[in-house]
Amino acid sequence: MPAPSVTIADIERGISLYNSGHRPWRQTLNCVDWFIMFDSKLYPLKYTYALAVNEPPAEYTTNQMKSAMKGVQISFVSLKEQQEVSTDFDKLVIDSVKDPIARKNVLSVLTQNQKSPLLIKRAIRETLMLWLKFLSVLLVFVNVVINLLLSRNRKIKVLT
């Protein structure tokens with residue numbers, strides 16, 4: 001039996017119930033792989049769908065639920081899939097920071113999964129962190145140079 005189709009309003013109701021702490025069925029978050037991304041937040045796909053249709057999560061498979069939500073403009077995120085993709089993506093980001101040519105090519109070699117907002121935000125955050133580290137090292141260097149110049153200037157004034 002296929003899972004009942006839902007609308008965005010149904011999903012929003014399920015998310016609202018989930019956010020309010022409504023848990024009519026046992027929830028096993030340690031086994032959750034698939035999530036719904038809604039307003040830049042992740043919600044367990046099966047449990048949120050179950051709340052939306054008011055049927056236990058074990059009633060349908062993840063694929064049945066995803067099929068039932070095909071008409072809804074919503075993103076699905078697999079943590080297992082994201083981990084496999086992010087390792088390669090992290091390497092691309094780190095390499096692109098070191099190599100200007102690679103920086104231009106990063107976006108052209110991404111797969112559809114790697115273009116998800118979650119990974120792009122992560123790449124931006126990690127790139128910014130690398131720039132912050134670089135700037136902090138640069139500031140330390142500038143501080144050392146200024147102190148050296150000031151100490152030399154003081155010695156010259158004392159000698160003259």
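Predicted, not measured: the structure shown is a model, and the values here were computed from it.
- To the nearest 0.5 Å, atom CD1 of residue Ile15 and atom CZ of residue Phe38 are 5.0 Å apart.
- Residues Met37 and Val77 share a closest heavy-atom pair of CE-CG2, 4.1 Å.
- When atom types are taken as modelled, the side chain of Ser67 and the backbone of Asn63 share a donor-acceptor pair closer than 3.5 angstrom.
- Two residues are said to be in side-chain contact when any heavy atoms from C-beta on lie closer than 4.5 Å; Met69 and Phe76 meet this criterion.
- No side-chain heavy atom of Val72 sits under 4.5 Å from any side-chain heavy atom of Ser5.
- Side-chain contact between Asn19 and Lys41: absent, with no pair of heavy atoms (C-beta onward) separated by less than 4.5 Å.
- A cation-pi contact links Arg23 to Tyr18, judged by a cut-off of 6.0 Å to the six-membered ring centre and 45° from its axis.
- Taken from CD in Glu12 to CG in Asp39, the straight-line distance is 8.0 Å, to the nearest 0.5 Å.
- Between the OH atom of Tyr47 and the CG atom of Leu17 there is a distance of 10.0 Å, given to the nearest 0.5 Å.
- The CD1 atom of Ile74 lies 5.5 Å from the CD1 atom of Ile11; values are rounded to the nearest 0.5 Å.
- One finds the OH atom of Tyr60 at 4.0 Å from the CE atom of Met1 (value rounded to the nearest 0.5 Å).
- Here the closest non-hydrogen pair linking Ala3 and Ala68 is O-CB, 3.7 Å.
- Nearest heavy atoms, Gln64 versus Pro2: NE2-CA, 4.4 Å.
- The two residues Pro57 and Ala50 come nearest to each other via the heavy atoms N-CB, 3.6 Å.
- One side chain, Asp10 or Thr7, offers a donor N or O that lies under 3.5 Å from an acceptor on the other.
- Contact of the Trp131 side chain with the Thr127 side chain is registered, since non-hydrogen atoms from C-beta on lie closer than 4.5 Å.
- Counting only distance, with no hydrogens or angles, the side chain of Glu59 and the backbone of Pro56 share no donor-acceptor pair below 3.5 Å.
- Two residues are said to be in side-chain contact when any heavy atoms from C-beta on lie closer than 4.5 Å; Tyr49 and Lys66 fail this criterion.
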Margin query: Pair Phe35, Thr48 - check side chain to side chain contact (heavy atoms under 4.5 Å, CB included), show working.
Written below: CA-CA 9 Å; Phe35 291 83; Thr48 307; over 6 Å; no
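- Proximity of Lys133 to Val137: side-chain heavy atoms (C-beta onward) are nowhere separated by under 4.5 Å.
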